[in-house]
Amino acid sequence: QSQLEESGGGLVQPGESLTLSCLASEFSLNYFNIGWFRQAPGKAREGVSCIDGSGGGTNYADSVKGRFTISRDTAENTVYLQMNSLKPDDTAVYYCTALWACRADIATGPFPILPAFERWGQGTQVTVAS
């Protein structure tokens with residue numbers, strides 16, 4: 001069972017927005033690098049964005065730059081992914097996990113996932129359709 005829980009997905013029209021949440025209920029996320037990933041049907045999992053646990057630096061896949069924003073709320077122990085100007089190509093199940101590094105090449109694997117977090121959670125479905 002994953003130690004992180006994703007939520008906030010849904011069905012939206014192109015151009016609309018969603019905010020996904022990644023919550024840890026049993027430990028503090030504050031010093032972990034956290035990444036968001038997605039997997040569309042029939043496609044490989046891809047990295048979307050990450051935020052580092054030290055200075056708050058962020059990285060994004062080219063496909064979402066300028067549209068998605070990753071952030072963390074230490075009081076809520078949650079990492080968010082604000083998704084604006086959604087496109088049908090953004091349709092996927094979105095997952096979060098902890099990383100040993102938040103790298104600029106977040107989009108492609110192998111993903112630097114911390115060994116204790118290698119089991120993916122259930123994710124949250126995002127569907128963008130007219």
Side-chain angles (χ1 to χ4, degrees):
Q1 184 175 352
S2 173
Q3 301 180 60
L4 301 173
E5 183 175 356
E6 306 90 348
S7 64
L11 171 62
V12 297
Q13 295 188 344
E16 294 186 337
S17 300
L18 279 175
T19 300
L20 306 184
S21 300
C22 175
L23 173 68
S25 58
E26 299 182 358
F27 65 97
S28 173
L29 279 178
N30 292 346
Y31 299 104
F32 283 86
N33 306 310
I34 300 296
W36 280 99
F37 299 81
R38 66 187 182 185
Q39 188 166 22
K43 295 186 177 180
R45 200 183 308 262
E46 63 173 341
V48 175
S49 181
C50 60
I51 185 167
D52 72 43
S54 56
T58 59
N59 286 299
Y60 297 90
D62 287 344
S63 59
V64 306
K65 277 181 183 176
R67 300 189 298 120
F68 289 13
T69 303
I70 191 171
S71 63
R72 70 167 79 230
D73 185 324
T74 56
E76 296 295 325
N77 202 30
T78 301
V79 171
Y80 299 101
L81 186 68
Q82 172 69 41
M83 306 187 297
N84 298 328
S85 303
L86 282 162
K87 305 175 181 179
D89 284 349
D90 296 317
T91 296
V93 179
Y94 284 70
Y95 305 87
C96 63
T97 193
L99 310 172
W100 52 263
C102 175
R103 302 190 308 217
D105 61 347
I106 182 65
T108 57
F111 304 121
I113 299 172
L114 283 171
F117 294 85
E118 288 179 345
R119 180 172 293 183
W120 296 97
Q122 292 188 341
T124 186
Q125 175 71 47
V126 173
T127 303
V128 185
S130 302

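In this chain, residues are counted from 1 in sequence order. Side-chain atoms are counted along with the backbone in the values below, which use heavy atoms only and exclude waters and symmetry mates.
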Heavy-atom check, side chain of [X] versus side chain of [Y], under 4.5 Å:
X   : Y   : result
V79 : F32 : no
L20 : M83 : yes
R38 : L81 : no
W36 : F68 : no
L4  : L29 : yes
E16 : L86 : no
T97 : Y95 : no

To the nearest 0.5 Å, tell me how far [X] [atom1] sits from [Y] [atom2].
X    : Y    : atom1 : atom2 : result
F111 : R103 : CZ    : CZ    : 9.5 Å
I34  : I70  : CD1   : CD1   : 8.0 Å
S63  : D90  : OG    : CG    : 7.0 Å

For [Y], is there any backbone N or O sitting under 3.5 Å from a side-chain donor or acceptor partner on [X]?
X   : Y    : answer
S85 : G15  : no
Y80 : T69  : no
T91 : V128 : yes
E6  : C96  : yes

Residues forming a salt bridge (charged side-chain N to carboxylate O under 4.0 Å, His left out) with [X], sequence neighbours excluded:
X   : value
D52 : none
K65 : D62
R45 : none

- Message: Under 4.5 Å between side-chain heavy atoms, counting indirect links through other Ile/Leu/Val/Met/Phe/Trp/Tyr residues: same cluster for V93 and L23 or not?
- Response: no
- Task: Determine whether Y94 and L11 fall in the same hydrophobic cluster, where Ile, Leu, Val, Met, Phe, Trp and Tyr are linked whenever their side-chain heavy atoms lie under 4.5 Å apart.
- Result: no
Measure across [X] and [Y] and return the closest heavy-atom pair with its distance rounded to 0.1 Å.
X   : Y    : result
L99 : C50  : CD1-CB, 3.9 Å
N30 : N77  : OD1-OD1, 4.1 Å
A92 : A40  : CB-N, 3.8 Å
A61 : A107 : CB-CB, 3.8 Å
L18 : G10  : CD1-N, 3.8 Å

- Query: Given F117 and F37, is the ring pair (Phe, Tyr, Trp, His ring centres under 6.0 Å) satisfied, shown in steps?
  - Reply: CA-CA 13 Å; F117 294 85; F37 299 81; over 10 Å; no
- Query: Do you see a donor-acceptor pair shorter than 3.5 Å between the side chains of E5 and S7?
  - Reply: no
- Task: Under the salt bridge (charged side-chain N to carboxylate O under 4.0 Å, His left out) rule, what do K87 and D89 come out as? Steps first, then yes or no, please.
- Result: CA-CA 5 Å; K87 305 175 181 179; D89 284 349; over 6 Å; no
